[in-house]
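Chain naming here is simple, since letters A, B, ... match the order of the sequence lines and numbering starts at 1 in each. The structure presented is a predicted model; accordingly, all values stated were derived computationally and were not measured.
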Amino acid sequence: MNHFPGTWGRPRDDVYGAYNPSYLQTTGPKTHTSSPAVTGTSVVGVKFNGGVALATDNLASYGSLARFTDVKRLRIFGDKAVVGFGGDVSDMQYIDRLLESIDIRENYSSHGNMLNAKNLHTYLAKVFYKRRSEFNPLWNHILVAGFDGEGKPFLSSADLLGTTFSAPHLATGFGAHLAVPILRRLFPDEMPIENVSREDAVNALKQCLKVLYYRDARSLDKYSIAVITEEGIDLKEDEQLENQSWAFAERIKGYGAQTV
Amino acid sequence: MTSIGTGYDLSNSVFSPDGRNFQVEYAVKAVENGGTAIGIRCKDGVVLAVEKIITSKLLKPGANKRIATVDRHVGIVSAGLVPDGRHFVSRARDEASSWRGVYKGPIPTSALANRLGGYVQAYTLYSSVRPFGVTSIVGGWDSEAELAVDGQVGQGPQSGAGGKVEGAKAGGPGLYMIEPSGLYWGYYGAATGKGRQAAKAELEKLDLSSEKLSLLDGVKEAARIIYVAHEDSKDKDFELEMTWISSVDGPTKGRHEEVPQDIREEAEKAARRALDEEEEEEDKGQGEQMEE
């Protein structure tokens with residue numbers, strides 16, 4: 001009989017050899033995020049005459065699992081800027097809290113939060129660049145929509161590397177491949193944004209989201225849409241894609257249990 | 001003062017034989033010279049007001065604010081040494097932000113008052129520091145509606161475990177006053193600074209403990225009380241600075257903001273009228289006495 005209770009129930013040293021305690025070490029090399037976990041897919045945005053419209057679906061995926069279906073990925077900053085988040089949802093929450101603290105600090109002065117969408121975009125791009133330079137990126141691709149210092153509609157993107165890009169219409173993630181061609185056809189380069197009405201922009205976004213829902217397996221038919229104008233922000237977070245037609249799906253071949 | 005010159009007033013953290021900390025009492029003296037500051041706790045909000053004595057004609061009117069915002073839902077006004085008040089506000093902002101860091105939501109007014117009380121009290125304990133030369137009034141509104149956690153993205157379960165108790169009452173107005181000793185109480189109406197005696201007398205007439213006074217009436221009363229409290233230092237010009245925090249469905253939506261110019265000016269006009277009427281009545285009273 002072994003009279004030392006500490007060894008009871010453990011593999012015997014004389015049979016298995018001494019236990020290697022290095023497995024239990026809590027210290028080790030510092031690790032950073034090297035892939036996102038819970039993710040949101042595309043963000044799509046269009047400038048129009050007097051404002052900007054921005055849309056995302058309401059899904060957060062865990063890998064290929066449609067894990068959370070009521071996720072709000074459009075975030076309001078101040079009273080005239082919206083940030084649309086694609087990529088890691090926890091990093092989005094971190095940035096959301098960061099922006100909240102900035103908004104609170106800005107409101108300490110008597111003139112309130114004077115930061116416009118352009119300032120916000122510059123700031124966020126620098127945050128992304130700082131974090132990627134530390135090899136610890138915030139895994140997002142964002143669109144910032146609102147107005148610049150001259151009161152003109154502003155739409156620009158920033159990604160996890162700190163890369164920035166501006167255009168009259170933009171999309172992140174899968175949308176960069178599927179939505180941008182649609183938007184380029186609807187609103188060609190030579191077309192000034194003064195010729196784009198609010199309805200045109202909103203309808204284009206809905207069309208893009210529908211195509212994305214058809215072809216992007218990490219998307220959802222529930223979506224959020226924000227329209228930013230001088231009057232303020234009109235944010236709808238519980239919309240449903242309408243007039244879907246899956247007829248085209250029958251003609252797609254090359255996957256699944258097809259016999260042909 | 002009886003113990004002046006006996007040595008017990010030179011250092012903080014040293015009691016006098018009769019159990020007093022003279023440094024703290026001197027700090028209270030500094031407060032008693034400051035412009036009058038008041039706070040009123042109404043049924044649907046809190047009003048803060050301060051009498052800002054104009055020390056120079058070269059100062060821009062309306063600039064150099066004396067009431068500060070902490071987080072979004074709390075305001076702080078101090079009487080006494082202005083720089084001490086600024087440092088106090090800066091600490092309050094740090095506390096509010098660290099609360100958010102831990103709890104992902106706004107700090108309740110009561111918790112903020114508690115932490116600030118502890119902070120001020122610590123400055124009565126050590127010989128290397130002096131106590132705060134301010135008495136501060138902290139007013140806030142704790143949201144009665146359910147707040148989203150900071151960074152919240154979705155709703156969670158609509159039924160079953162994780163559901164919320166229906167009809168539970170939460171939030172409301174909060175008003176606290178913190179003194180140089182670190183002592184703080186919750187108040188229905190608080191006053192400090194030079195005109196505090198007159199202001200307290202007026203506050204007591206309002207029957208605030210029945211919690212019937214509305215925020216808009218509170219604004220009018222606050223303006224009037226500052227004007228009444230100013231009567232004793234009439235030779236000096238002053239500016240009235242006034243802020244408010246309403247309920248979430250009220251005019252400021254639970255945020256601490258400056259009272260809009262039109263409402264403030266109307267309240268000031270009413271305050272001046274009330275003072276004039278009072279004076280007239282006094283004159284009349286004296287006239288009647290003369291006749292007798």
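Taking 4.0 Å as the cut-off between side-chain N and carboxylate O, A/D70 and A/K222 do not count as a salt-bridged pair. Under 4.0 Å is where a charged nitrogen must lie from a carboxylate oxygen, and between B/R264 and B/E241 no such pair does.
Residue contact with chain B, scored on non-hydrogen atoms closer than 4.5 Å, is absent for A/F68. In this structure, the portion of B/Q152 lying under 4.5 Å from any heavy atom of chain A is its backbone and not its side chain. With a 4.5 Å cut-off on non-hydrogen atoms, A/R105 does not touch chain B at all.
For the pair A/L178/A/I182, no side-chain contact is recorded, criterion being any heavy-atom separation below 4.5 Å from C-beta on.
Test A/D57, A/T56, A/N58 against A/S224 for side-chain hydrogen bond (donor to acceptor under 3.5 Å, both in side chains) and you get one pass: A/N58.
Checking B/S247 against B/D44 by side-chain atom types alone, no donor-acceptor pair falls below 3.5 Å. For B/N114 and B/Y184, the side-chain atoms include at least one donor-acceptor pair closer than 3.5 Å.
Every residue meeting the ring pair (Phe, Tyr, Trp, His ring centres under 6.0 Å) condition with A/F154, not counting sequence neighbours, appears here in chain and number order: A/H121.
The contact list for residues 77-104 of chain B toward chain A, using heavy atoms and a distance under 4.5 Å, reads B/R93, B/R100, B/K104 by residue number.
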